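Quick caveat: nothing in here was measured; it's all calculated off a predicted structure.
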Amino acid sequence: MAVSGALLVFFLFAHAAGNLKIFVGESDFNHYAEWLRELGTPLLPHAWFLWIQRVGLLVAIGLHIWAAAALTIRAKKARPVKYAHRPKIQGSYAARTMRWGGVIIVLFVIWHILDLTLGKVNPAGGDADPSARVIEGFAPDRWYVTIFYVLAVVAVGFHLRHGIWSAVRTLGQQTTAGERRAKTIALVLSVILVAMYLSVPIAVTTGLVG
């Protein structure tokens with residue numbers, strides 16, 4: 001769970017950093033997108049690196065979901081008889097909604113691929129430049145798409161905040177001081193990631209980009 005989550009976090013930050021290229025200019029953003037397709041050539045055929053990356057990402061997501069299901073089943077088997085009285089446990093919103101947050105994120109990933117990667121539900125179409133798909137996808141008249149992205153990315157932030165903290169504990173952190181540091185780091189990284197991802201759709205929808 002922790003290792004697959006760490007791989008996904010690394011991808012999320014790398015992907016977010018690439019998205020910010022659109023603030024430099026549409027041509028720079030398109031050049032970056034083409035550069036990703038050229039990575040590995042001539043050792044790899046054109047765009048193979050992207051497909052290897054996508055397959056690896058799907059494997060990591062699959063392992064993450066499998067680990068979550070396995071841990072849930074293990075927890076239920078450890079206590080097959082329900083408590084007669086179980087006091088409410090005070091936990092963060094992220095901790096109490098990790099599973100539903102995970103479902104929202106999976107649906108978001110599917111939409112994101114159909115919208116900006118393949119262009120199937122994007123007004124610009126799949127043959128348009130990457131920058132055109134971003135600008136058309138978050139156009140002011142498609143404000144509802146931007147709202148969906150905002151809600152989904154915020155869910156990612158909550159999921160990431162709790163996930164990073166849990167992963168640090170899983171990988172060996174047990175001290176009180178270390179736990180405080182882990183929570184602070186998790187919060188800071190989550191806020192940064194959310195801000196990086198939301199800056200693009202909000203800038204396009206409000207007319208700052210496009």
Side-chain angles (χ1 to χ4, degrees), residues 1-22 32-41 43-45 47-75 92-118 130 149 151-174 178-179 181-201:
M1 188 76 171
V3 174
S4 60
L7 291 174
L8 293 172
V9 170
F10 175 78
F11 170 81
L12 285 173
F13 272 98
H15 186 47
N19 289 347
L20 297 180
K21 289 285 289 184
I22 200 165
Y32 162 72
E34 183 59 30
W35 173 76
L36 288 176
R37 290 171 172 78
E38 295 293 337
L39 271 178
T41 57
L43 179 63
L44 296 174
W48 270 43
F49 172 81
L50 270 181
W51 283 107
I52 293 173
Q53 183 187 70
R54 289 164 182 165
V55 171
L57 180 61
L58 289 175
V59 170
I61 292 174
L63 288 174
H64 202 65
I65 295 173
W66 172 81
L71 289 174
T72 300
I73 294 172
R74 184 183 300 177
S92 67
Y93 172 84
R96 288 182 280 110
T97 59
M98 281 294 281
R99 291 169 192 161
W100 282 112
V103 172
I104 293 173
I105 292 168
V106 169
L107 295 176
F108 167 65
V109 169
I110 294 173
W111 172 266
H112 183 73
I113 292 173
L114 292 174
D115 184 22
L116 297 179
T117 302
L118 302 178
Y149 268 75
L151 294 176
V153 169
V154 169
V156 171
F158 278 117
H159 197 86
L160 184 65
R161 178 190 174 191
H162 183 74
I164 291 175
W165 173 75
S166 297
V168 171
R169 285 182 61 86
T170 299
L171 297 175
Q173 199 313 108
Q174 297 295 332
E179 183 173 333
R181 286 194 296 269
K183 287 184 176 180
T184 301
I185 292 172
L187 176 61
V188 170
L189 290 178
S190 300
V191 170
I192 291 174
L193 187 72
V194 169
M196 291 172 73
Y197 271 104
L198 292 188
S199 62
V200 175

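In this pair, H15 and F11 present their aromatic rings parallel. The plane angle is below 30°, not in the 30 to 60° band.
What you find for R161 and A186 is that their closest heavy atoms are O-CB, 3.3 Å. A60 approaches S4 most closely through the heavy-atom pair O-CB, 3.8 Å.
Atom CG in L189 sits 7.0 Å away from atom CG in L160 (nearest 0.5 Å). Taken from CG in L50 to CG in L57, the straight-line distance is 11.5 Å, to the nearest 0.5 Å. Interatomic distance, CD1 of I113 versus CG of D115, reported as 11.0 Å (0.5 Å rounding). How far CG of L20 is from OH of Y32: 9.5 Å, rounded to the nearest 0.5 Å. One finds the CG atom of L7 at 11.0 Å from the CD1 atom of I61 (value rounded to the nearest 0.5 Å). Note that the CD1 atom of I104 and the CZ atom of F158 stand 11.0 Å from one another [nearest 0.5 Å].
Of the possible polar contacts, one joining the Y197 side chain to the L12 backbone as a donor-acceptor pair under 3.5 Å is found.
Between M196 and I192 there is a side-chain heavy-atom pair separated by less than 4.5 Å. Side-chain contact between L36 and L39 is present, with heavy atoms from C-beta onward closer than 4.5 Å. No side-chain heavy atom of T41 sits less than 4.5 Å from a side-chain heavy atom of F49.
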Chi angles and distances behind the side chain to side chain contact (heavy atoms under 4.5 Å, CB included) call for F108, V153: CA-CA 9 Å; F108 167 65; V153 169; 4.3 Å; yes

